[in-house]
Amino acid sequence: MPKAEWFWSGAITDNSAIIKVKLNETTQDVRIAFSLDINLESNVTITAPQSAKIESGNIASFILEGLEEDTTYYYEVRVGSKVSPEKGSFKTVKVNNTFSFTIGCSGCARGSLLDIFPRNWQVSNNEIFDIIRTQNNPSLTFFLHLGDFHYRDINNGDIQRYRRAYNDVFAQERQRKLYENLPIAYVWDDHDFTGNNSDGKDPGKYAASQVYRETFPHYPLIETLDNQKSTGAIYHSFIIGRVRFILTDSRFHRNLEKVIDPHTQEEANSMLGTRQREWLLQQLKEGDEKQGCTIWVNSIPWIAKKQAGEDSWGGFDLERKLIANFIQENKINKLVMVSGDAHMLALDDGRNNKYADGGGGSFPVIQAASLSSNPSQKGGPYYKGPFPGNKQWGLLKFNDDGHQISLNVQLKKEAEEILIEETFLFSDEQTRENS
Ligand SMILES: [Fe+2]
């Protein structure tokens with residue numbers, strides 16, 4: 001009998017959301033029933049049936065449209081006449097409008113060494129996932145996963161192994177409950193891409209991209225998957241309230257193209273690839289012009305000493321400088337970066353982040369990890385921290401009065417302990433002063 005094994009939501013806007021459902025077997029008749037009623041008894045809308053096909057990993061995809069903004073929806077999965085025992089929920093947002101909201105963020109979910117069962121190997125069922133799900137002061141609009149969703153290090157391009165990795169993450173009860181009850185935004189880092197310190201040279205990256213696309217309820221991606229044209233990176237952007245989120249892909253194009261310094265003609269490896277870098281610069285500029293602030297989600301540390309071959313922006317110093325030059329030249333000053341990879345909490349207000357020619361181009365940087373990995377340290381120096389550890393995460397509160405966005409950052413250990421706190425203010429006047 002076909003049945004839903006797990007489901008999750010993402011790509012929330014002011015009037016839509018995406019839900020992906022994993023079935024145990026191929027079937028033609030999967031529907032979502034959703035309502036404002038937590039019991040799904042009144043005003044229930046039922047989607048058209050979708051099929052779960054073997055070639056897409058038995059995942060059924062739903063786009064819910066015509067929703068009310070800033071409204072909580074509850075949903076259940078119906079397979080034939082069978083109703084899923086668990087219900088999911090998500091809340092829509094406002095877009096390009098005054099809207100205050102809070103998100104949780106972290107990355108790096110390695111499993112415990114004691115887990116010898118194959119299903120639990122290198123995936124996590126840490127209590128931190130319950131802490132994030134149940135924190136309600138205020139409740140979260142979405143959870144931002146900064147990469148290393150699992151540590152399976154799949155390096156042979158085996159699509160079934162990528163699918164199994166997602167399945168095994170959802171077999172961890174605490175993670176499953178979090179994702180069923182909170183929309184998620186996510187970019188991979190190395191361990192959930194093609195392995196430790198991986199780059200774009202691994203042909204297995206197309207399998208990673210295919211399974212991300214079929215399984216994860218993502219916003220529209222800029223690149224299509226095409227291994228003839230060498231595309232399939234997962235960078236994308238979206239807007240919540242007056243905040244632009246830009247998520248870059250640090251892996252898919254890494255070490256395949258060169259960047260050239262226009263002044264010195266110096267050449268070095270690129271992390272982002274030309275197309276993604278040009279897209280990023282355009283996004284940074286648009287965010288500064290059109291939104292109240294911009295969050296750049298970049299999986300790996302930005303602040304790090306220049307060192308060739310390093311798995312941080314220190315290993316891609318020339319590309320980092322070109323980006324910093326652009327930020328300085330365009331007077332982009334409502335930007336904050338959020339990163340994972342290093343298993344620590346740290347914050348810089350911009351004082352240690354001056355990579356443009358002549359020492360400008362600064363912006364605040366937040367390091368928010370790890371969920372459940374061994375404590376580690378990378379990059380720096382930082383204004384506050386680092387605090388290596390796990391059960392660690394960030395709480396970002398965006399408070400918008402229509403003219404000014406106050407971003408309160410709390411970097412926390414478990415539920416209560418705040419190791420770093422800082423508030424940044426971004427006002428419309430900031431743009432005018434510089435223009
Ligand atoms: Fe990690």
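Just so it is clear, the values below take in all heavy atoms, side chains as well, and ignore hydrogens, waters and symmetry mates. Indexing begins at 1, ligand by ligand and atom by atom, following the structure's order. Just so you know, these numbers come straight off a predicted model, no measurement behind them.
When the ring-ring contact (aromatic ring centres under 6.0 Å, His included) test is applied to Tyr186, the partners found at least two apart in sequence or on another chain are His145, Phe149, Tyr212, Phe216. Taking the salt bridge (charged side-chain N to carboxylate O under 4.0 Å, His left out) definition, one finds that Glu319 meets it with Arg277, sequence neighbours left out. Lys53 is linked by a salt bridge (charged side-chain N to carboxylate O under 4.0 Å, His left out) to nothing, counting only residues two or more places apart in sequence or in another chain.
Heavy atoms of other residues, nucleotides or ligands lying less than 6.0 angstrom from NZ of Lys413 number more than 12.
Ring-centre distance between Tyr206 and Phe252: below the 6.0 Å cut-off. Ring-centre distance between Trp8 and Phe170: below the 6.0 Å cut-off.
Note on the Fe ion (ligand 1): protein N/O/S atoms under 2.8 Å are Cys108 SG, Asp148 OD2, Tyr151 OH, His343 NE2.
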